[in-house]
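Notes follow the structure.
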Amino acid sequence: MNGPALILVDVQNDFCPGGTLAVPDGDRVVAPLNRAAAAFAAAGLPVLASRDWHPPHTAHFQAYGGLWPVHCVQGSAGADFHPDLQLPAGTLLLSKGIDERLDGYSAFDGITAAGATLAEVLAAQGVDHLVIGGLATDYCVRATALDARERGLAVTVLIDAVAGVDLQPGDSDRALAAMHRAGTRLCTTDEVVAELARRGTAT
Ligand SMILES: [Zn+2]
């Protein structure tokens, strides 16, 4: 049976206020994502969580030619998920940014502890629709949504459960526009939770 899955992208301390690469108001995504994750879990649908999981030396960091300050180094407190994030039992973890030569923005670049890719996990679970929230709108959320569309999945981005870096003003808005042009649906967490409730009563 085909159906949707939820992926929480990089809701980690370093991307939240107080972190080394804090997204403005990054922690505002936590409450809606907790609601979404609980609704997916209650409906028996898959929940996945990606995390940026960098080695200390990577071409992704400014000191080694990259764009970014040091963040989400493997095993550091900054790489931990936000303490208020409630991952349902059975949430599948994907680690990305492990390759020191690559940025690893997309969750499709991530692997599970068992070494499976996101594409393999989704195929095995019959997922044809990826619902996405998390950080940051203009990098990892954008890359994940566009990759999912290229792979033929339906994609929904939870507009109240994403936040962007906006290195250049307007980057997040441009990212949302690019995702929309690629066929991504943009809607609120409450809309998706209500759809799941209707789906539950219909079966
Ligand atoms: Zn990173």
Side-chain angles (χ1 to χ4, degrees), residues 6-30 33 37 47-85 87 91-113 115-119 121-122 130 132-151 155 157-158 161-176 178-179 184:
L6 174 70
I7 185 162
L8 315 178
V9 174
D10 299 8
V11 187
Q12 293 167 275
N13 287 327
D14 272 342
F15 296 128
C16 291
T20 61
L21 181 44
V23 173
D25 296 324
D27 53 350
R28 75 162 189 242
V29 308
V30 172
L33 288 179
V47 177
L48 305 101
S50 70
R51 64 178 179 181
D52 229 3
W53 195 244
H54 295 303
H57 302 270
T58 165
H60 184 61
F61 293 162
Q62 285 162 354
Y64 309 100
L67 195 56
W68 304 108
V70 172
H71 63 276
C72 297
V73 172
Q74 295 166 8
S76 68
D80 286 345
F81 289 119
H82 188 283
D84 296 335
L85 189 68
L87 298 177
T91 298
L92 196 64
L93 183 63
L94 287 145
S95 300
K96 65 187 186 58
I98 296 171
D99 189 321
E100 61 192 20
R101 297 161 300 176
L102 302 175
D103 286 311
Y105 292 131
S106 171
F108 284 89
D109 294 339
I111 53 167
T112 68
T117 65
L118 176 55
V121 169
L122 297 179
L130 198 57
I132 304 173
L135 304 169
T137 311
D138 36 356
Y139 289 92
C140 295
V141 169
R142 177 182 185 278
T144 301
L146 295 179
D147 271 357
R149 288 297 299 141
E150 271 188 18
R151 291 166 185 273
V155 178
V157 166
L158 303 172
V162 294
V165 180
D166 285 322
L167 276 187
Q168 303 296 327
D171 278 354
S172 292
D173 288 342
R174 283 188 288 276
L176 289 169
M179 289 185 267
T184 294

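This chain uses plain numbering: 1 for the first residue, then up along the sequence. Counting starts at 1 for both ligands and their atoms, following the listed order.
Counting only protein N, O or S atoms, 4 lie closer than 2.8 Å to the Zn ion (ligand 1).
Between H57 and Y64, the ring planes lie perpendicular to each other; the angle is over 60°, past the 30° to 60° tilted range. The aromatic rings of H54 and H60 lie tilted to each other, with the angle between the two planes from 30° to 60°.
Expressed to the nearest 0.5 Å, how far CG of L146 lies from OG of S106 amounts to 9.0 Å. Atoms CG and NE2, from D10 and H82 in turn, are 14.0 Å apart once rounded to the nearest 0.5 Å.
With D52 as reference, H71 is the one residue of Q74, H71, Q12 to meet the side chain to side chain donor-acceptor pair (under 3.5 Å) rule. Here the rule is side-chain contact (heavy atoms from CB on, under 4.5 Å) with L48, and of V121, T112, T91 only V121 fits it.
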